Amino acid sequence: MGFVDYEVKGQIAVMTINREKALNALNSQVLDDLNAVLDSVDTNAVRCLVLTGAGDKSFVAGADIGEMSTLTKAEGEAFGKKGNDVFRKIEAFPIPVIAAINGFALGGGCEISMSCDIRIASENAVFGQPEVGLGITPGFGGTQRLARLVGMGMAKQMIYTARNIKADEALRIGLVNQVVPAEELMATAEKMANTIAQNAPIAVRACKKAINDGMQTNIDDALVIEEKLFGSCFESYDQKEGMANFLRKKDDPAKVKHVEFKNE
Ligand code: DAK
């Protein structure tokens, strides 16, 4: 669809931002297309998403500077809301989303990667929040998500200096989970997505919600959130079969089998 390709591969799917000539920069159309593709995902069939950028140079080189350059205050606010709504949709998406970062992840590109659950970067990836050099603040959640991921001190350093960092430094500060050679990026991301897809989907979704919601509140309320989501897994086919399989294994290791979780 438009600037976003979508391919289902068994129980996982790959979403590719495809605006390679502009290094996959996010204009309003890309944001609308991302929104529409996310709305079209059949989350009963697909259990994990991978988000990447087209080409081998850039994941997303930020929000579209040409489009932003002439915005009025009101239009800037509307553009920020459009981006924030899409990024929040990714963050709260019922199934996990892995960012496969294949090059520049600057400004809105770094921000969209941070709205994903897990970040895997190629060795040529470059991260940064260059906004203060353009006379603006990060506008798609960068001031909030970066501080939550790498800590306040490092987030402030990156944002105030507008200095880009390479993949190895992003790994060192905890901005990405893993760095791999570029030619292995998609295979690594898809392998991780398939590993996630083989686990009980109801439980994986509940874990995502528990972590996301719990991180926004105090520990007492967070543990209540966990309790409720823990309870919600019981009486499902997946919980009964997952536990029965463990007990069968204990009883007789020869009875060990791969559980086909059913998302029910
Ligand atoms: N926007 C538009 N076009 C871009 C772009 C961008 N962010 N980044 C690259 N391009 C385009 C270039 O203009 C060029 O187009 P043509 O000239 O060929 O037509 C093409 O992509 C190739 O780029 P370069 O020729 O520059 O390629 P290089 O290899 O020389 O350099 C680069 C690659 C990534 C270092 C360079 O392109 C670059 O510095 N790009 C800009 C990176 C950047 O500053 N990104 C952050 C943008 S600010 C808000 C909501 C959100 C935001 C702010 C506010 N509100 C609340 C309203 C977010 C802001 C940002 O993301």
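Model, not experiment: these values are computed from the prediction. Each ligand, and each atom within it, is numbered from 1 in the order the structure gives.
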Please report, to 0.1 Å, the donor-acceptor pairs under 3.5 Å made by any side chain of residues 132-159, with sequence neighbours excluded.
from	atom 1	to	atom 2	distance (Å)
Q144	OE1	R148	NH1	3.3
R145	NE	E91	OE1	3.2
R145	NE	E91	OE2	2.8
R145	NH2	E91	OE1	2.8
R148	NH1	Q144	O	3.2

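Few gaps surround CD on E184; more than 12 heavy atoms of other groups in view lie less than 6.0 Å from it. No more than 12 heavy atoms of other residues, nucleotides or ligands shown are found within 6.0 angstrom of CD on E235. More than 12 non-hydrogen atoms from other residues, nucleotides or ligands lie less than 6.0 angstrom from CG of D85.
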Measure and list all N/O to N/O distances between ligand 1 and the protein that fall under 3.5 angstrom.
from	atom 1	to	atom 2	distance (Å)
ligand 1	1 (N)	I65	N	3.0
ligand 1	7 (N)	A61	O	2.9
ligand 1	7 (N)	A63	O	3.0
ligand 1	21 (O)	K21	O	3.4
ligand 1	29 (O)	K57	NZ	2.6
ligand 1	45 (N)	A61	O	2.9
ligand 1	61 (O)	A63	N	2.7
ligand 1	61 (O)	G108	N	2.8

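Under the ring-ring contact (aromatic ring centres under 6.0 Å, His included) criterion, Y160 pairs with no residue at all, not counting sequence neighbours. Looking at residues two or more places apart in sequence or on another chain, you find no ring-ring contact (aromatic ring centres under 6.0 Å, His included) involving Y237.
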